[in-house]
Amino acid sequence: MTKQKTKKQIKQTKYIFVVGGVMSGVGKGIATSSIGKILQAKGFRVTALKIDPYINVDAGTMNPTEHGEVFVLKDGYETDQDMGNYERFLNIELTRENYMTTGAVYKTVIEKERNLEYGGRCVQVVPHIPLEVIGRIKRAAAMADADVVIVEIGGTVGEYENILFLEAIRMLKSEQPKDVITAIVSYVPTPSKVGEMKTKPTQHAVRTLNGTGIQPDIIIARADRPLDEKRKEKLAVFCNVQKEDVISAPDVESIYDVPVNFEKDHLSEILMRKLGLKTKKALGLGEWEKRVRRIKSADQSVKIGIVGKYFKTGDFVLSDAYISVIEALKHAACEVGRRTELHWIDSTDFEGDTRALRTLKKYDGIIIPGGFGSRGIEGKINAIRFCRENKIPYFGLCYGMQLAVIEYARNVVGLTGAHTTEVNQKAEHKVVDIMPEQKENLRKKNYGATMRLGQYEACIVRKTMAAKAYGFGSVLERHRHRYEVNPEYVDQLKSAGMIFSATSPDGILMEIAELPQSVHPFFLATQFHPEFQSSLLYPHPLFVAFLEACKKQK
Ligand code: GLN
């Protein structure tokens, strides 16, 4: 006991900040996750934090086409998709302590001021906001008992929005100079007309960072190709770092390659040296590398159609809204030795002219992921019916489960007026309906963080597909929804052949719906979001079962 305590006291947590240069969207989240992975492989306890500079208190109220997927933590906090990357790479469970936005930080500071927690002093943007940020980072570090904390700051340097977070880095560094380093993930373009890799944008980004009082220790140079020696030298000379501190981060086939690539430039050793970290019992990247090789060597593919609606942003097609689903499919595909070939299908295609439904036959399996509202709903229901009647493997996630139940109620039970009250409050058969406490939230226009959120237990019914896949009697899965299968219709649905293979422990809430394998090769849908708990090293059993079924379609 005493011995343990002394050990704890001498442990000095180290901080690695990751900031963006030149432009966003070049993989800062993956870089952060990969830094964590390589340090974990060296035996360190790692945790990661994301800071988003927007005013929204959490990501829950944001439209997925604006900000990509909302990732739900086990404690129900609605966060940014990068949190999903951290969990998937590091196999750790993060909590609300690991995520903050400008809105959340200001909210706390204002609340503290109102509670007189600043003892009557003048509460100022500087230093009180950065101090609150530092306090939160340290709290997350302590909760995880971390050796190393990696903090990713959203956006890029030079944006007004993140200046207070950069100030937090500067303040923490001046307080603990030996424990804090900063890495800038910057883009190094090769314009086609120039035909040469240009370092100037990164040089400017580093100068901008210098202007906030921060000198980066590491430059992670994202580019479409590896950096040559000359470019490394240039960046080193003009950005004030050593040449070996410039890490080449070219585009890769799989994001799971990134940690392996970082190690080609010895990044973990560089980080350890800079932070004065002594080697621990290294675990290595063995199993990880084995799986990355397996992803690349799979030559046969399974063709999956994802029927949804959050695909378009201006002229671009965006799959970010479903990032956890995509990754969970990749993990499961690696497990079953296949590649995934994903196709994005807009559900409105199946409304009106239902001949388009026949195109679904091209796929080995169909997924309908989570969603909200009424647009494209009838198209989704038509697609589910087609999959059910034509024995195409179907996997529904959250809304994809509620709609599968509605489809079954309408077309098998014969309740033509079946619907969810989310779409039609006056539906004749409210087969999917709102929970009483949620009614109150909607009435008060209380939309933020008020759904059924986070981890809940689901009890699995024996001798079902779910039981076969999980092999456990009860599981913890993450939720994000307001509506539920209405218990009043459960018996009718069951008598018509639908199996509810998992329920809440009190048996009231339906967690998984499936059809017997004697009538359909794979028809299973979950009220929860299994995709939030899949990782490369631990693929989710239901995704694996789905892909096994898709594989057999070939
Ligand atoms: N819109 C549905 C609900 O709120 C489903 C939500 C989801 O798919 N995440 O219950």
Side-chain angles (χ1 to χ4, degrees), residues 58-65 67-74 76-81 84 306-311 320-326 328 347 366-381 383-384 394-407 409 418-425 427 430-443 445-456 458 477-487 489 503-504 508-513 524-534 540 542:
D58 59 36
T61 52
M62 260 184 284
N63 183 330
T65 43
H67 190 71
E69 173 188 86
V70 176
F71 187 80
V72 181
L73 303 181
K74 76 169 182 188
Y77 207 48
E78 297 169 283
T79 65
D80 175 80
Q81 55 183 338
I306 302 187
V307 182
K309 71 169 179 179
Y310 299 119
F311 298 143
D320 256 26
Y322 304 109
I323 197 85
S324 292
V325 177
I326 300 170
S347 58
I366 296 292
I367 287 195
I368 295 193
F372 294 85
S374 57
R375 186 162 63 85
I377 288 308
E378 290 305 320
K380 288 187 187 175
I381 294 176
I384 296 170
Y394 172 71
F395 192 17
L397 310 171
C398 206
Y399 218 0
M401 182 258 204
Q402 298 172 355
L403 298 175
V405 171
I406 292 165
E407 188 280 317
H419 219 323
T420 164
T421 47
E422 178 169 357
V423 178
N424 179 6
Q425 289 188 14
K430 299 179 173 68
V431 172
V432 174
D433 199 5
I434 199 156
M435 296 178 280
E437 67 270 25
Q438 294 296 351
K439 265 189 197 145
E440 195 50 22
N441 281 330
L442 284 191
R443 202 183 54 75
K445 290 200 161 46
N446 232 345
Y447 300 120
T450 55
M451 285 185 262
R452 183 177 181 220
L453 286 168
Q455 186 171 281
Y456 287 90
E477 292 281 6
R478 295 189 195 168
H479 294 68
R480 182 174 188 250
H481 55 103
R482 243 181 251 287
Y483 297 81
E484 299 279 353
V485 173
N486 185 344
Y489 287 91
T503 66
S504 56
I508 293 171
L509 306 175
M510 299 303 116
E511 293 278 13
I512 306 182
L524 184 144
T526 60
Q527 180 58 83
F528 51 81
H529 290 273
E531 69 271 22
F532 291 146
Q533 291 200 93
S534 179
H540 194 285
L542 294 179

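Order of listing sets the numbers, starting from 1, for every ligand and every atom in it.
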Starting from [atom], which protein heavy atom do you reach first, and at what distance in Å?
atom                    : answer
atom 4 (O) of ligand 1  : Arg482 N, 3.0 Å
atom 10 (O) of ligand 1 : Tyr483 N, 2.9 Å
atom 9 (N) of ligand 1  : Arg480 O, 2.8 Å
atom 6 (C) of ligand 1  : Gly371 O, 3.4 Å

Atom NE2 in His481, atom CZ in Arg452: separation rounded to 0.5 Å?
->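 One gets 4.5 Å once the value is rounded to the nearest 0.5 Å.
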
Report the distance from atom NZ of Lys430 to atom CG of Asn486, rounding to the nearest 0.5 Å.
->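 So the NZ of Lys430 and the CG of Asn486 are separated by 9.0 Å.
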
Do Met401 and Val485 have side chains that get closer than 4.5 Å, going by heavy atoms?
->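 Touching, per the 4.5 Å side-chain cut-off.
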
Examine ligand 1 and decide if any of its atoms is less than 4.0 Å from a heavy atom belonging to Glu484.
->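 For ligand 1, residue contact (heavy atoms, under 4.0 Å) with Glu484 is absent.
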
Can you list the steps and then say if Ile512 with Thr526 is a side chain to side chain contact (heavy atoms under 4.5 Å, CB included)?
-> CA-CA 4 Å; Ile512 306 182; Thr526 60; 4.1 Å; yes

Does the separation of the ring centres of Phe71 and Phe532 fall below 6.0 angstrom?
->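 Close enough - the centres of the two rings lie under 6.0 Å apart.
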
From the options Gly396, Gly373, Cys398, select the one whose nearest heavy atom is closest to atom 7 (C) of ligand 1.
->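 It is Cys398 whose heavy atom sits nearest to atom 7 (C) of ligand 1.
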
Quick one: do the His540 and Glu477 side chains pair a donor with an acceptor below 3.5 Å?
->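 A donor-acceptor contact under 3.5 Å links the two side chains.
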
Indicate the atoms forming the closest heavy-atom contact of Gly400 with Ile384, along with that distance.
->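 Looking at all heavy atoms of both residues, the closest pair is O-CD1, 4.2 Å.
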
In ligand 1, which numbered atoms sit nearer than 4.0 Å to a non-hydrogen atom of His529?
->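 Answer for ligand 1: 9 (N).
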
Any atoms of ligand 1 less than 4.0 Å from a non-hydrogen atom of Glu422? List them with their elements.
->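 Ligand 1 atoms under the 4.0 Å threshold to Glu422: 1 (N), 2 (C), 3 (C), 4 (O).
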
Any N/O of His481 closer than 3.5 Å to an N/O of ligand 1?
->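 The answer is no, given that His481 and ligand 1 share no N or O pair closer than 3.5 Å.
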
